[in-house]
Enquirer: 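If you scroll down you'll find the structure; I have some questions about it.
Sequential numbering from 1 along the given sequence is applied to the chain's residues. Quantities reported herein were computed from a predicted structural model and do not represent experimental measurements. Note that ligands are numbered from 1 as they come in the structure, with each ligand's atoms numbered from 1 the same way.
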Amino acid sequence: MEAAGERMNLLLCCLGIAALLRSSLACPRTCTCSIKKNGRLLAECAYKDLQEVPEGLSPNVTILTLSANRISSLWESSFSEVPEVQSLWLGYNQINSIEPGTFAQLVHLKNLDLSHNKIVDFPWKDLRNLSGLQILKMNNNRLARLPRDAFYSLKDLRSLWLNDNDLTTLAEGTFDNLPSLSQLQIFNNPFNCSCKVFWLKKWTENTSVSITKGGSILCVAPSRLKGRAVTDIPDHYCVAPSVQLTYLSNLDNTVMYDGLTLTLHCSVAGNPPPQIRWKIQTSSRSIEINGPNVARNGNILRPELSKQSQEHFLVFKNGTMAIPNFSKDDEGIYTCLAVNDVGTREVSVNVALAGSENPADDLLRNAPQASHLGGRSCYKGDELDPSGAGEKLVIVYHMPRESKSKAGGVSQIWLGTLLLTLGITLCC
Ligand SMILES: *[C@@H]1O[C@H](CO)[C@@H](O)[C@H](O)[C@H]1NC(C)=O
Ligand SMILES: *[C@@H]1O[C@H](CO)[C@@H](O)[C@H](O)[C@H]1NC(C)=O
Ligand SMILES: *[C@@H]1O[C@H](CO)[C@@H](O)[C@H](O)[C@H]1NC(C)=O
Ligand SMILES: *[C@@H]1O[C@H](CO)[C@@H](O)[C@H](O)[C@H]1NC(C)=O
Ligand SMILES: *[C@@H]1O[C@H](CO)[C@@H](O)[C@H](O)[C@H]1NC(C)=O
Ligand SMILES: *[C@@H]1O[C@H](CO)[C@@H](O)[C@H](O)[C@H]1NC(C)=O
């Protein structure tokens with residue numbers, strides 16, 4: 001009898017353990033759940049024809065395999081039962097819709113496999129929360145766009161698979177801020193090899209990241225590069241802009257009747273030929289002019305675009321800007337930007353007016369090291385002072401006594417021009 005009692009106790013005890021196990025092993029009918037040697041809880045639900053993420057998973061699941069099912073949508077609540085999950089395998093489904101927030105709560109994720117689905121839009125912001133992610137597989141989907149900062153918080157990301165998607169371009173810097181990245185797959189995407197992706201060639205040449213099948217990152221456009229590898233884009237096709245700003249003065253021995261006309265000339269080089277834009281920052285206003293507003297014949301272009309304030313600044317197609325009747329109000333920072341698909345360069349000059357009877361006084365007072373007087377001078381974008389304020393150009397005008405008396409009241413102004421050089425090489 002005693003033995004029977006003990007057996008009974010044993011049985012009850014075993015049942016108890018089983019019940020305990022069952023609760024900690026809560027497992028949907030279609031799945032197989034098990035505790036791995038390292039104590040991790042594995043829920044295997046692959047190859048089950050599932051159309052949804054199953055319910056009834058233990059909150060302790062750390063590995064969840066749902067590969068090779070027929071899941072097409074993921075919702076914010078799809079994985080709310082498994083907040084501890086570290087590895088989530090969702091490859092070979094039919095996922096085409098992912099609600100924002102689906103992954104944001106899975107802060108313990110280390111491995112996420114979404115390969116071989118039909119994903120067009122992904123809630124990239126969800127990745128910001130996944131700072132422990134090490135492996136991200138999104139290959140064989142239909143991704144056509146990738147935000148530049150999609151991966152910025154993934155400090156531990158080692159492996160990134162984006163091959164076999166519909167990416168036509170990648171923004172420069174997409175793979176910055178990934179200190180752990182060691183393997184990248186981006187082949188088999190229909191890259192448009194405009195100079196917007198030229199950075200990728202330069203990056204692959206210099207990075208320590210192993211780029212799988214780098215030679216198979218092919219261009220499908222433009223036609224002249226079709227079939228060629230991104231890494232083979234000839235360097236001379238894509239040349240970053242260079243820019244230099246010249247101050248042209250014909251004032252040295254000119255009598256001006258109409259006030260001072262300041263003329264700045266911005267010359268640019270690069271491939272594709274850069275566009276020229278101007279930014280003007282005076283004490284009272286900020287103006288941007290993104291193209292010529294005066295035709296060669298002097299007619300105002302695009303009058304609907306040129307606000308009254310802009311008409312004062314005459315921007316010509318050849319890179320010249322003229323500011324007639326330059327006044328105290330026009331003092332400020334004049335910036336010329338050269339923009340093409342490879343990048344942007346800018347150069348600024350800080351223009352100030354100073355009135356004096358003797359320009360040499362001002363020159364000596366303001367910049368004893370000044371080495372240049374009048375005529376013409378230029379500033380190269382490459383040598384730009386990083387503070388961005390621009391080098392200082394001071395225009396000193398003066399009215400000689402004899403001219404005042406001779407002209408007898410007529411506003412006839414003699415102009416002298418002084419350039420103060422502050423830590424910059426003068427050229428031309
Ligand atoms: C989850 O695991 C912890 C120990 O890691 C355990 O105490 C707890 O009972 C488990 N919860 C469930 C619902 O299984
Ligand atoms: C991101 O993670 C934090 C915890 O680290 C959590 O509080 C927050 O809710 C998560 N964000 C989202 C959108 O789930
Ligand atoms: C490629 O990109 C360039 C520059 O962005 C664009 O002008 C051109 O239309 C694109 N070509 C194709 C085929 O998408
Ligand atoms: C190449 O990489 C090194 C560091 O790995 C960096 O200092 C250098 O600026 C890079 N050169 C170019 C051209 O990007
Ligand atoms: C640019 O064009 C304007 C108007 O045709 C002309 O006055 C100016 O001298 C030109 N600038 C240069 C540097 O050729
Ligand atoms: C400059 O100002 C004078 C009067 O102050 C005016 O007669 C002249 O038309 C102005 N010139 C331009 C180009 O605006």
Enquirer: For atom 9 (O) of ligand 3, is some protein heavy-atom partner under 4.0 Å away?
Expert: no
Enquirer: Check this for me: does any side-chain nitrogen of one of Lys201 and Asp232 sit under 4.0 Å from a carboxylate oxygen of the other?
Expert: no
Enquirer: Is there a donor in the side chain of Gln183 and an acceptor in the side chain of Gln185, or the other way round, less than 3.5 Å apart?
Expert: yes
Enquirer: Is there a side chain to side chain contact (heavy atoms under 4.5 Å, CB included) between Thr174 and Phe151? Walk through the geometry before answering.
Expert: CA-CA 7 Å; Thr174 301; Phe151 308 120; 4.2 Å; yes
Enquirer: Please state which protein non-hydrogen atom is closest to atom 13 (C) of ligand 3 and give its distance, to 0.1 Å?
Expert: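 Protein heavy atom with the smallest distance to atom 13 (C) of ligand 3: Ala221 CB, 3.8 Å.
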Enquirer: As an exercise, identify every atom of ligand 3 less than 4.0 angstrom from a heavy atom of Lys196.
Expert: 5 (O)
Enquirer: Distance under 4.0 Å to a non-hydrogen atom of Ser194: what atoms of ligand 3 satisfy this?
Expert: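 Near Ser194, the atoms of ligand 3 are 2 (O), 3 (C), 4 (C).
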Enquirer: Any nitrogen or oxygen of Asp341 lying under 3.5 Å from a nitrogen or oxygen in ligand 3? Just yes or no.
Expert: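 Looking only at distances, the answer is no, because the N/O contact criterion of under 3.5 Å is not met.
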Enquirer: List the closest protein heavy-atom neighbour of atom 14 (O) of ligand 3: residue, atom name, distance to the nearest 0.1 Å.
Expert: Asn192 ND2, 3.3 Å
Enquirer: Please identify which atoms of ligand 5 are closer than 4.0 Å to at least one heavy atom of Thr320.
Expert: 1 (C), 10 (C), 11 (N), 12 (C), 13 (C)
Enquirer: Heavy-atom distance to atom 2 (O) of ligand 5: which of Asn318, Val315, Thr246, Val294 wins?
Expert: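 The nearest heavy atom belongs to Asn318.
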Enquirer: Geometry only, no angles: is His265 polar-contacting ligand 5 at N/O separations under 3.5 Å?
Expert: no
Enquirer: Report yes if some heavy atom in the side chain of Leu66 is under 4.5 Å from a heavy atom in the side chain of Trp89; otherwise report no.
Expert: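 The answer is no; the side chains never approach within 4.5 Å.
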Enquirer: Determine whether the aromatic ring centres of residues Phe313 and Trp278 are separated by less than 6.0 angstrom.
Expert: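 No, the ring of Trp278 stays outside the 6.0 Å limit from the ring of Phe313, centre to centre.
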Enquirer: Using the ring of Tyr92 (Phe, Tyr or Trp, six-membered ring only), decide whether Arg70 places NZ or CZ under 6.0 Å from its centre and within 45 degrees of its axis.
Expert: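 Judged by the rule, Arg70 and Tyr92 form no cation-pi pair.
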Enquirer: For Leu160 and Leu181: C-alpha separation, side-chain torsions, deciding distance, then whether side chain to side chain contact (heavy atoms under 4.5 Å, CB included) applies.
Expert: CA-CA 8 Å; Leu160 177 58; Leu181 191 66; 4.0 Å; yes
